[in-house]
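Working notes for the structure below.
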Number of protein chains: 2
Amino acid sequence: MEKPSVTVDIILFTITEETLKVLLVKRRIEPFRNMWALPGGFVGMNETLDQAAKRELQEETGVKEHYLEQLYTFGEPERDPRGRVITISYFALINSKNLKLKADTDVIEAEWFSIDNLPELAFDHKEILNYALERLRYKLEYTTVAFQLLPKKFTLTELQKAYEIIFNKSLDKRNFRKKILSLGLIEETKETSKGAHRPAKLYSFTKQHKQLENFIKSYSISQSK
Amino acid sequence: MEKPSVTVDIILFTITEETLKVLLVKRRIEPFRNMWALPGGFVGMNETLDQAAKRELQEETGVKEHYLEQLYTFGEPERDPRGRVITISYFALINSKNLKLKADTDVIEAEWFSIDNLPELAFDHKEILNYALERLRYKLEYTTVAFQLLPKKFTLTELQKAYEIIFNKSLDKRNFRKKILSLGLIEETKETSKGAHRPAKLYSFTKQHKQLENFIKSYSISQSK
DNA sequence: CCAAAAGTGTTAGTGATACACCCATGT
DNA sequence: ACATGGGTGTATCACTAACACTTTTGG
């Protein structure tokens with residue numbers, strides 16, 4: 001019996017230069033040669049879908065640590081001109097301090113694009129990206145994923161900026177701090193930031209946060225008995 | 001190149017006899033012969049994933065109208081002993097008035113099971129079902145999916161019961177009514193229920209509700225340009 | 001000393017919760 | 001007339017949103 005091909009595509013977000021960015025790679029083969037596309041590739045016969053996504057991501061960025069979560073599966077019969085290809089999309093976040101792009105990627109041309117200055121994308125990748133964006137904004141409201149975009153120690157202003165960049169609107173400083181601190185997810189460190197002006201306290205995640213994060217992840221794929 | 005097989009599995013919920021039920025079918029072939037499993041089957045080469053789910057569901061229940069939404073894609077290499085099978089799971093709701101089970105299903109033995117009295121399930125279907133249940137409860141909190149389990153016209157008590165059954169806890173009648181009515185999603189009809197006691201007003205969804213529902217659905221697969 | 005970012009409290013409004021009795025109908 | 005489910009209002013509490021000035025540092 002004829003079978004469809006199965007791939008994973010990854011939408012990897014980060015924040016740099018006060019902008020939300022997504023990683024794209026340039027296609028070197030037809031179809032859509034020389035166009036930009038989401039990183040991804042075929043699922044191996046002996047790896048899980050999560051593993052496939054992780055592997056592809058590492059091949060592109062050389063980075064191992066990141067938040068990764070399955071997003072949605074796209075399977076329109078005509079989405080790839082070469083034939084039936086079903087793709088499981090994954091949503092990933094990384095903090096800009098972690099990323100040393102192109103470590104392993106001499107072969108592949110990969111680049112960060114600001115999400116409000118995107119090139120034309122191959123296949124239905126524009127649609128997939130839009131969906132990922134909605135999901136990112138949506139998840140921000142009820143989870144702590146934004147923390148994934150920050151380094152281990154960060155200032156409250158940095159955290160607030162991350163929210164503002166993703167929601168694309170400004171937030172009230174006092175209310176933001178009140179709320180974040182009341183959640184008990186982060187705690188002061190003894191360190192402070194250095195810079196031109198008044199130093200800011202650095203915060204880090206509490207153990208509670210780690211627990212919550214794991215809870216949210218495990219929530220995605222429930223344990224059975 | 002070797003390819004995995006791709007299937008869809010459907011978790012169809014309904015409420016009857018004041019219980020949340022799920023539709024299962026009995027397997028007639030190995031592996032797991034004579035065990036109960038989620039309805040589903042292979043994705044055709046020329047249908048979308050949604051179409052495949054709809055088709056399978058109709059083959060099992062003979063019913064066309066139902067809420068259907070993609071849930072999660074499971075792809076552990078060992079989940080099917082016959083070889084690599086990736087399954088895209090779908091989450092479906094139907095109201096018990098609509099269902100005339102086994103219309104088309106003389107060949108397949110299909111049955112409703114109360115979710116707190118389930119048989120052992122084939123493959124990883126227990127895990128998939130658990131995930132669907134979590135999602136159902138979760139979605140109930142911020143969407144109007146519960147309405148899909150009710151007939152077009154319904155009493156507030158029926159609606160409340162649906163919530164109580166799914167959450168498995170009792171709710172305050174006055175608060176429930178206040179909240180539901182304040183949402184403006186339902187409106188009174190001129191009809192009332194008949195029965196042994198005081199007749200209850202029947203309600204139906206407003207246009208607003210339809211809009212919200214469509215919004216939520218389209219939210220799942222965003223439009224691109 | 002000044003520019004720039006850090007830090008901090010109060011008030012008003014809105015939504016959530018807890019709670020108990022009367023009403024309309026069929027038998 | 002009574003049993004059964006239908007229907008209603010108020011008070012408290014918690015959370016959200018709006019809003020402006022002082023503090024600390026480097027240059």
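A, B, ... follow the sequence lines: proteins, then strands. Residue 1 opens every chain.
The interatomic distance linking A/Lys173 (NZ) with D/dT16 (P) rounds to 20 Å, in whole Å. D/dT22 atom C1' lies 17 Å from atom NE2 of A/His197, rounded to whole Å. Atom-to-atom, CZ of B/Arg174 to P of D/dA11 comes out at 13 Å; the value is rounded to the nearest Å. In this entry the distance linking CG of A/Leu171 with P of D/dT16 reads 13 Å, nearest Å. Nucleotide D/dC15 holds its P atom 10 Å from the CG atom of A/Leu183, rounded to whole Å. Across the protein-nucleic acid pair, B/Arg198 atom CZ and D/dG6 atom P stand 9 Å apart, rounded to whole Å. As a whole-Å value, the separation of A/Ile180 CD1 from D/dC15 P is 15 Å.
Chain B approaches DNA chain C within less than 4.0 angstrom (heavy atoms of the protein), and the contacting nucleotides run 5' to 3' from C/dT17 to C/dG26.
The nearest heavy atom of DNA chain D to B/Thr155 and to B/Asn175 marks one nucleotide each, and the one closer to the 5' end goes with B/Thr155.
A pairwise comparison of heavy atoms in A/Ile186 and A/Thr206 identifies C-CG2, 3.6 Å as the closest pair. Scanning all heavy atoms of the two residues, the minimum distance from B/Gly40 to B/Glu56 falls at O-OE1, 3.3 Å.
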Identify every side-chain donor-acceptor pair in residues 194-205 of chain B under 3.5 Å, counting partners at least two apart or on other chains, and give the distances.
| unit_1 | atom_1 | unit_2 | atom_2 | d |
| --- | --- | --- | --- | --- |
| B/Lys201 | NZ | B/Glu188 | OE2 | 3.4 |

